[in-house]
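No hydrogens, no waters, no symmetry mates; every other heavy atom, side chains included, goes into these values. Letters A, B, ... mirror the listed sequences (proteins, then strands); counts begin at 1. Just so it is clear, the structure is predicted and the values come from calculations on it, not from any experiment.
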Protein chains: 2
Amino acid sequence: MDAVLDEAAGKRARGLDRAFEILDFLRQKRQALKPNEIAAQIGAPRSSVYELVNLLLRNGILEFTGGEGRVYLGRKLYFLGAAYENHFDFTRECEAVLERLADETRETAQFCMLDGNKYTVVRMREGARPFRISTDIGQSVPIPWTASGRLLVAHRTDEDILTFIPSQDFRLPGGEWLDPQHFLAEVRQAEREGFFTFNSIVDSFTHCFAVPVMDEGGHAAATLCLVTPRDDGLANRDRYLARLKEAAASLNHAPTRAKRG
Amino acid sequence: MDAVLDEAAGKRARGLDRAFEILDFLRQKRQALKPNEIAAQIGAPRSSVYELVNLLLRNGILEFTGGEGRVYLGRKLYFLGAAYENHFDFTRECEAVLERLADETRETAQFCMLDGNKYTVVRMREGARPFRISTDIGQSVPIPWTASGRLLVAHRTDEDILTFIPSQDFRLPGGEWLDPQHFLAEVRQAEREGFFTFNSIVDSFTHCFAVPVMDEGGHAAATLCLVTPRDDGLANRDRYLARLKEAAASLNHAPTRAKRG
DNA sequence: ATCATCTGTACGCTATATTGGACATAGACG
DNA sequence: CGTCTATGTCCAATATAGCGTACAGATGAT
């Protein structure tokens with residue numbers, strides 16, 4: 001799952017890696033599970049999982065919830081996450097920017113980042129339309145499926161990108177394969193132009209706009225996106241892009257600034 | 001620190017415990033530190049800390065930031081925390097409630113919980129006054145120092161409370177000691193009345209109001225508080241308490257409700 | 001009643017993670 | 001120049017964590 005531990009089969013797994021595998025698994029499932037179920041579904045020894053779950057429970061990293069001995073992510077994680085959010089305090093400005101974007105365009109606006117080697121939607125503001133387009137927050141999505149994905153890996157070399165992205169992630173939900181060379185070409189194009197737009201390759205009715213939010217190193221630390229119906233996207237392309245770029249510019253220096261006293 | 005691991009001296013520490021000790025320490029410090037500094041300040045072997053820090057870096061639990069090899073809490077923690085927040089989705093309603101409270105009373109309103117055996121402010125909304133009263137979000141504070149503390153331990157037995165709260169936490173910031181028996185009496189009073197108010201014992205100018213937010217088990221899962229200048233608090237006592245109780249009632253069923261699709 | 005499945009606990013073996021200390025480098029300071 | 005501290009890496013010794021496996025209660029199907 002996390003591409004770190006299954007390098008060699010048959011080896012013993014390290015407790016820490018297993019622990020975070022459990023946490024990631026629960027996050028992905030988005031529901032409380034019994035230790036037994038966790039063990040079965042991630043393919044880990046039951047005794048190890050029980051041991052780890054108990055350890056994590058004692059530390060407040062996991063919590064009993066949902067009854068029947070089921071566990072889910074715990075309060076301590078919330079506090080740690082809040083500390084991260086506070087340190088790189090993009091969130092406050094971010095919400096405001098998304099709100100403005102959604103108001104101006106009436107389209108769904110998203111703030112996206114990489115989570116390891118996957119793409120994920122961190123914040124979202126739904127647009128003001130009768131049929132709204134939305135996605136799940138915090139779900140892991142293969143990088144090549146998304147417009148933002150082109151921007152978020154653009155600081156890497158071609159070779160680096162292909163080792164970074166799991167090869168099966170080039171398989172689209174329909175089953176067709178995306179040519180990695182074609183993907184790389186789009187990455188370079190996105191890097192040159194400073195944005196990327198396309199008719200989404202994961203459905204048949206949306207058009208996606210993505211612009212990078214730069215960190216101080218000049219990399220794309222995140223992206224701002226609009227997800228629109230295809231005809232609206234094409235009709236308002238220039239205006240939407242301009243709005244997005246303004247919005248991204250207002251965030252560009254925000255990340256990674258500590259606010260120590 | 002975490003009251004879990006230092007039971008017996010001289011033993012080897014478990015990697016997982018050490019790891020979370022490091023994370024908690026960084027959260028407490030609220031700044032990036034070098035592995036060396038972490039080792040020195042938490043009193044752990046340098047080699048172990050380096051090993052763990054590297055592991056955590058590889059998993060995205062820690063991140064390099066601040067230069068010079070300094071590390072701080074990582075993005076993965078943010079995602080895990082967001083998943084927790086999403087599952088027990090008190091946050092959205094919570095912000096709204098705090099905003100309303102702050103508007104109605106013009107005083108500082110807080111949402112507080114326990115983090116292990118400490119009290120912590122999770123969310124805050126500053127009041128509309130020329131000199132605003134505020135506190136740091138996410139800092140760990142001894143339970144006996146706070147009005148909310150009386151409510152947050154009220155479901156426990158007296159004996160349980162005294163083992164749960166570290167004895168040195170009864171020492172107030174000025175150096176005086178709070179009598180544990182007096183504290184227990186206040187806990188029982190708070191439990192009976194369903195709220196607790198007092199002139200803060202950690203400063204000389206504030207009055208604190210706290211009411212519990214109940215979970216489905218009837219425990220105080222959190223508290224809503226108002227922090228006011230003493231004279232305003234006394235003058236508006238009845239009105240403030242009524243507002244707080246209304247607000248808490250509107251949150252009472254909210255926690256622990258999953259929003260699965 | 002019998003069997004199968006799911007669940008949690010207990011225990012011993014051994015691969016290995018944790019640890020202390022040695023080593024290397026770089027700067028500060030006199 | 002030598003000496004001291006701060007920093008990071010490497011390595012071998014051994015306490016122990018992860019694992020397989022056996023055990024036991026609960027539940028439900030036949």
For this session: Please list all pairs passing the ring pair (Phe, Tyr, Trp, His ring centres under 6.0 Å) test where one or both residues lie in residues 49-74 of chain B, with sequence neighbours left out.
Result: His87(A)-Tyr72(B)
For this session: Assign Arg46(A) to base, sugar-phosphate, or nothing according to its heavy-atom contacts below 4.0 angstrom with the strands shown.
Result: base
Exercise. Is any N or O donor-acceptor pair between the side chain of Ser47(A) and the base of dG18(D) shorter than 3.5 Å?
Worked result: no
Exercise. Would you call Asp17(B) and Arg58(A) a salt bridge, using N to O less than 4.0 angstrom?
Worked result: no
Exercise. What orientation do Phe90(A) and Tyr84(A) show, parallel under 30°, tilted 30 to 60°, or perpendicular over 60°?
Worked result: perpendicular
Exercise. Atom CD1 of Ile42(B) and atom C1' of dT19(C): how far apart are they, to the nearest Å?
Worked result: 14 Å
For this session: Would you mind reading off the distance between Leu33(A) atom CG and dC6(C) atom P, rounded to a whole angstrom?
Result: 15 Å
Problem set entry | Salt-bridge criterion met for Glu191(B) and Arg188(B) (N-O under 4.0 Å) | yes
Problem set entry | Phosphate OP1/OP2 of dA6(D): any Asn36(B) side-chain N/O under 4.0 Å | no
For this session: Starting from P on dT7(C), measure out to CD on Glu68(A) and report it in whole angstrom.
Result: 9 Å
Seminar exercise, completed: Out of dT9(C), dT18(C), dA15(C), minimum distance to the side chain of Leu52(B) belongs to dT18(C)
Problem set entry | Between C1' of dT7(C) and CZ of Arg70(A), the distance in whole Å | 12 Å
For this session: On DNA chain C, check which nucleotide each of Pro35(A) and Glu51(B) is closest to and give me the residue with the more 5' one.
Result: Pro35(A)
Exercise. Within this structure, what is the CG-to-C1' distance between Asp17(B) and dA17(C), rounded to whole angstrom?
Worked result: 14 Å
For this session: Can you check whether any acceptor in the base of dT18(C) is under 3.5 Å from a donor in the side chain of Arg14(A), or vice versa?
Result: no
Exercise. Is the shortest distance from a Lys or Arg side-chain nitrogen in Arg18(A) or Glu21(A) to a carboxylate oxygen in the other one below 4.0 Å?
Worked result: yes
Exercise. Does a side-chain N or O from Arg12(B) land closer than 4.0 Å to OP1 or OP2 of dG20(C), or not?
Worked result: no
Problem set entry | Nearest-angstrom distance from the residue atom CG of Asn54(A) to C1' of dA10(C) | 13 Å
Seminar exercise, completed: To the nearest angstrom, the OH-P distance between Tyr50(A) and dG8(C) comes to 4 Å
Problem set entry | Interatomic distance where NZ belongs to Lys34(A) and P belongs to dT27(D) [whole Å] | 11 Å
